[in-house]
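Okay, structure first, notes after.
Worth knowing before you read on, the calculation uses all heavy atoms, side chains too, and leaves out hydrogens, waters and symmetry mates. Numbering of ligands and ligand atoms starts at 1, following listing order.
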Amino acid sequence: MPLTVGTAGHIDHGKTTLVEALTGKNTDRLPEEHERGISIDLGYAPLELPDGTQLSVVDVPGHERFVRTMVAGASGIDLFLLVVDAGEGARPQTREHLAILRLLGIEHGVVALTKADLVDGETLELAHAEAEELVPGARVVATSARTGAGLDELRAALAEAAARVERAPADGPVRLHVDRSFTLRGIGTVVTGTLWSGSIGDGDELRLEPAGRTVRVRSVQVHDRAVERAEAGQRVAVSLPGVERREVRRGDVLASAGAFTPSFRLDVALDALGEIPSRVQLHHGTAETVARVVRAGERHAQLRLAQPVIAARGDRVVLRTATTVGGGVVLDPAPPRHADPARFDALERGELLVHAPVLVDGEWRWSEEWLDELRAELERTIDAADPLDPGVPLPAGEWARAVLPRLGLELRGAKLYRPGAAAELGDRAAAAAELEARLGVEPVRVEDAALGRYLEEQGRLVRVGGGLAIAPDAYERGREALFDGITLAQFRDALGVGRKTAQLYLERYDSDGVTRRVGDGRVLRRR
Ligand SMILES: Nc1nc2c(ncn2[C@@H]2O[C@H](COP(=O)(O)OP(=O)(O)OP(=O)(O)O)[C@@H](O)[C@H]2O)c(=O)[nH]1
Ligand SMILES: [Mg+2]
């Protein structure tokens with residue numbers, strides 16, 4: 001099974017150098033990284049261990065200003081490679097990265113003491129003891145990228161840790177949290193990320209969330225090699241024809257259509273490192289957003305997000321302010337608005353309390369409470385809608401068609417109406433009369449677009465371009481003046497109007513299928 005190992009550790013402690021010593025690849029790609037001698041963005045390299053284990057390495061930056069990038073990099077990993085400078089020992093980001101790994105539930109890994117060539121034996125021993133205390137249960141290996149000392153032992157330790165990783169079988173819907181997007185000449189936009197679940201192959205149709213855009217996958221690569229299908233756990237690069245580079249970014253998610261609904265609320269079991277303030281930065285997958293923390297008792301909270309995430313039950317989140325303040329496990333990615341402590345307890349006991357729709361064995365399920373909430377909201381919107389068009393757009397969720405029969409509303413076109421509802425002028429009767437009185441051959445402006453639409457449906461007005469309208473009998477008169485091959489000038493003279501007005505009439509006849517433009521003239525279309 002493919003596994004991903006993520007580096008962690010304080011700035012300058014030798015993460016990138018160690019990855020290069022192990023893989024032969026310098027993962028610092030940006031010119032600025034080389035100029036400043038630090039890592040800024042995530043780096044990637046494949047690593048094959050002597051026993052055949054295939055690992056993907058994600059190298060993260062250690063600078064305290066880039067911890068958010070570290071979280072994005074660590075969100076998809078299976079094991080850690082914590083790097084500690086043997087001379088310096090644990091420093092602030094050693095501890096913060098370690099805390100983040102724990103919050104993300106990444107249990108297995110190895111500690112590498114680096115730059116062993118620069119310290120004496122006693123210092124190395126002290127560093128060793130400190131590291132063992134810091135990360136109980138992990139093997140600690142002294143290394144030097146300069147001399148190559150300890151690298152074989154480190155490889156063996158990584159293989160050992162990898163063997164202990166138990167990965168949940170990751171079949172199910174596709175979910176890939178995008179960590180990079182870029183353009184390749186002749187190929188177009190490419191996104192990369194770790195495939196959390198499902199598999200992706202050439203030609204698959206997926207959704208780019210949370211925007212909900214349908215995309216078709218072209219070529220799929222795993223570490224620069226084309227594959228037929230990429231499997232869960234692998235680091236994947238996918239090209240997306242037709243998607244502009246600026247339309248996709250880190251934090252977006254490639255997902256199976258209909259499998260996820262963007263979450264604006266998350267019910268979580270909290271894991272607090274200290275005081276969790278009411279406003280935090282939430283990290284989930286490769287995404288981050290501001291979140292409000294609404295506590296529901298000691299250990300639970302509802303997180304209300306400024307931007308939606310694509311989450312599932314059991315996902316981990318990290319909460320930060322200036323530093324990492326805690327994290328949580330998602331109990332419900334689509335909870336009701338009220339943070340009810342009893343509900344949290346039931347969720348944690350594993351009693352699945354569905355609220356908003358989820359797919360279970362290919363069928364949508366939801367709670368009656370949720371349905372009532374939805375119906376009430378739709379009816380509220382309808383009541384507040386323009387009496388000329390007393391409807392509300394069909395909800396955008398994938399579940400909309402499944403829910404429809406239970407709503408007691410009527411679908412006409414793309415909108416829902418109360419059964420039998422008809423458009424009414426309401427208090428706009430006077431405005432309608434006033435508008436009708438102004439209509440004639442010369443187009444007049446219609447300020448109230450809904451009113452214009454309504455009157456047109458009633459045959460009391462004809463809309464032409466530019467927010468203008470004419471009288472229905474003027475439209476008929478113009479139509480009678482038409483003949484095969486008529487030019488704009490001829491039509492203008494026949495109707496006794498200006499050129500611009502004549503143009504508006506003819507365009508309307510074109511769009512009504514009465515005429516068709518051919519060269520300078522119009523031919524009549526047979527009905
Ligand atoms: N002597 C010696 N120097 C090392 C060793 N490993 C790394 N260095 C040096 O330590 C410095 C920092 O190494 P990096 O690999 O860039 O450190 P990093 O942890 O990736 O730093 P950030 O990504 O910015 O957090 C560089 O100048 C390396 O040459 C080593 O084993 N021995
Ligand atoms: Mg680095």
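Remark: ligand 1 atoms within the under-4.0 Å shell around heavy atoms of Asp117 are 1 (N), 2 (C), 30 (C), 31 (O), 32 (N).
Judged purely by distance below 3.5 Å, without hydrogens or angles, the side chains of Thr192 and Asp179 pair a donor atom with an acceptor atom. Side-chain atoms of Arg304 and Gln302 form a donor-acceptor pair, as typed in the model, at a separation below 3.5 Å. Residues Arg207 and Thr214 have side chains that bring a donor and an acceptor to within less than 3.5 angstrom of each other. In the model, His223 has no side-chain atom that pairs as donor or acceptor with a side-chain atom of Gln54 under 3.5 Å. At a cut-off of 3.5 Å, with distance as the only test, no side-chain donor of Arg245 or Thr183 sits close to an acceptor on the other residue.
Residue-to-ligand polar distances keep Thr143 apart from ligand 1: every N/O pair is separated by 3.5 Å or more. Ligand 1 has an N or O atom lying under 3.5 Å from an N or O atom of Gly62, backbone or side chain. In terms of polar-atom proximity, defined here as any N/O pair under 3.5 Å, Gly14 does make such a contact with ligand 1. Considering backbone and side-chain N/O atoms, Ile38 never comes within less than 3.5 Å of an N/O atom of ligand 1. Residue Thr114 has no nitrogen or oxygen atom sitting less than 3.5 Å from a nitrogen or oxygen atom of ligand 1, judged on distance alone.
Under 4.0 Å from ligand 1, not a single heavy atom of Asp59 appears.
When ring centroids are compared, His284 and His177 come within the 6.0 Å threshold.
Closer than 4.0 Å to atom 23 (O) of ligand 1 lies at least one heavy atom of the protein.
If you look at the Mg ion (ligand 2), the protein N, O or S atoms less than 2.8 Å from it are Thr16 OG1, Ser39 OG.
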